[in-house]
Amino acid sequence: MGKVVLVTGVARQLGGRFVRRILREPDVDRVIGVDAVPPEHRLGGAEFIRADIRHPTIGKLLAEHAVDTVVHMDVSGTSLAKGGSRAAVKETNVIGTMQLLGACQKTPSVKRLVVKSSTSVYGSAPRDPAVFTETTPPKSLPSGGFAKDTVEVEGYVRGFARRRPDVAVCVLRFANILGPCADSPLAEYFSLPVLPTVLGFDPRLQFVHEDDAIEVLRIATGEPARSTLNSGTFNIAGDGVLLLSQAARRLGRPTLPFFLPSVTWVGSVLRSVGVLDFSPEQVRLLTHGRVVDTAQMRETLGFHPRYSTADAFADFARSRGPGLLPPETLARTVDRIAALVPAGRGQN
């Protein structure tokens, strides 16, 4: 008998893609996809069970199907339903994770747990270190939103690992995932015709291509290759960084700088009219940026992304079509303006 893998959050594009990929693994016998709503995409030969992880029924599923591997991907910053409430998202992220971990703890057949987390656990603050490692504490703990959810989720995962030391636990802290199918708040932001930015700041950003996200999840789900270990906590990001100004130029989208209080107000307006989930934590990211170290991803987990940060963004940009301005013309214009500004000004 091969592995029985249960995957949460399969109604999202990334969850659906991962289910289809893991089905091809020779040591996987069955894949069970779980979500509170039916997926609009196909799941291949996987079995879909409509279930809300916030409810105790998830425990019955684990026991009934003798699940040995759980991949928890239902940790997200936005609701699947247009206009879904922040409270419902938080409940799924936090209460759902608590319920799922409680069910895993009571199910003897569970031997591996993989959790999709985020580098947002580090927050974004003006005194942040240049690069975060997996053990670097944040200068300022996230006070709300998805970032706070991920901090709480990881806290519950650590508690579970202490109670079930026989279970191999892998936490993947993803940088922002981009690609042709990206549906995150940051992808929506980069799809705006004009990008609101914070005056005086040009943050450093990192991205993960969605293909690399699928591959690292596959590595975390299987048995570790020789000389690697796929248990622990790992930062996942493509090589290099992009400045926000560089990203805007490559999209061919002009930026519209605001003072920080005005950007927060603009974000509230966009969020209230349903145009964009421009949360305070995203404003902080677009102000101070965030960069993580990926040495453990390469040396311990044994994962080497195919796409760099720039490559992932380029593939995303191609899927979004041309912006208002030709990227080459915009790049030359911005470079000429930058040449007139004293060195070091406008970056954090």
Whether [X] side chain and [Y] backbone form a donor-acceptor pair below 3.5 Å:
X	Y	result
R173	E134	yes
T309	G240	yes
T300	M297	no
T8	D74	yes
R204	A130	yes
T228	P224	no
E47	G33	no
D128	A125	yes
R20	G45	no
R30	V67	no

Drop me the distance from [X]'s [atom1] to [Y]'s [atom2], to the nearest 0.5 angstrom.
X	Y	atom1	atom2	value
T287	L199	OG1	CG	11.0 Å
E210	E215	CD	CD	14.0 Å
N176	S184	CG	OG	6.0 Å
R158	L101	CZ	CG	12.0 Å
H72	C170	NE2	SG	14.0 Å
D315	C181	CG	SG	9.5 Å

Under a 4.5 Å cut-off applied to non-hydrogen side-chain atoms, are [X] and [Y] in contact?
X	Y	answer
I32	L61	no
V10	V34	no
P129	K139	yes
C104	F160	yes
L195	R253	yes
L100	T97	no
V115	V153	yes
F258	P196	yes

If every non-hydrogen atom of [X] is compared with every non-hydrogen atom of [Y], which pair is closest and at what distance?
X	Y	result
V171	E154	CG1-OE2, 3.6 Å
R320	S191	NE-OG, 3.0 Å
A66	S109	C-OG, 3.6 Å
D202	S245	OD2-OG, 2.6 Å
V208	I236	CG2-O, 3.1 Å
G59	A103	CA-CB, 3.5 Å

Exercise. In chain order, what residues pass the salt bridge (Lys or Arg N to Asp or Glu O under 4.0 Å) check against R54, with sequence neighbours excluded?
Worked result: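 Salt bridge (Lys or Arg N to Asp or Glu O under 4.0 Å) check on R54 returns D52, E91.
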Among the clusters formed by ILVMFWY side chains lying less than 4.5 Å apart, do [X] and [Y] turn up in the same one?
X	Y	value
Y189	L242	yes
V114	Y156	no
L217	V292	no
V70	F234	no
M73	V121	no

Problem set entry | side-chain contact (heavy atoms from CB on, under 4.5 Å) between I177 and L14, worked out | CA-CA 10 Å; I177 299 173; L14 194 69; 3.8 Å; yes
Less than 4.0 angstrom from a charged side-chain N to a carboxylate O is my criterion; do [X] and [Y] meet it?
X	Y	value
K3	D68	no
R17	D211	yes
R284	E281	no

For this session: Check step by step if side-chain contact (heavy atoms from CB on, under 4.5 Å) holds for T107 and V110.
Result: CA-CA 6 Å; T107 308; V110 173; 3.9 Å; yes
Problem set entry | More than 12 heavy atoms from other groups under 6.0 Å of NZ on K90 | yes
For this session: Would you mind listing every ring-ring contact (aromatic ring centres under 6.0 Å, His included) that reaches into residues 105-148, with sequence neighbours excluded?
Result: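 Counting only pairs at least two positions apart or across chains, the ring-ring contact (aromatic ring centres under 6.0 Å, His included) contacts touching residues 105-148 are Y122-F132.
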For this session: Hey, could you give me each pair passing ring-ring contact (aromatic ring centres under 6.0 Å, His included) that has a residue in residues 296-320? Not counting sequence neighbours.
Result: F190-F313, F207-F313, H209-Y307, F313-F316
For this session: Would you check, one step at a time, whether the test side-chain contact (heavy atoms from CB on, under 4.5 Å) holds for T69 with V4?
Result: CA-CA 6 Å; T69 303; V4 179; over 6 Å; no
Problem set entry | Passing candidate, side chain to side chain donor-acceptor pair (under 3.5 Å) with S124, options H288, R290, Q282 | R290
Exercise. Going through the distances and angles, do V5 and V71 end up as a side-chain contact (heavy atoms from CB on, under 4.5 Å)?
Worked result: CA-CA 7 Å; V5 182; V71 183; 4.0 Å; yes
For this session: Decide whether R163 and Q105 meet the rule of one side-chain donor and one side-chain acceptor closer than 3.5 Å.
Result: yes
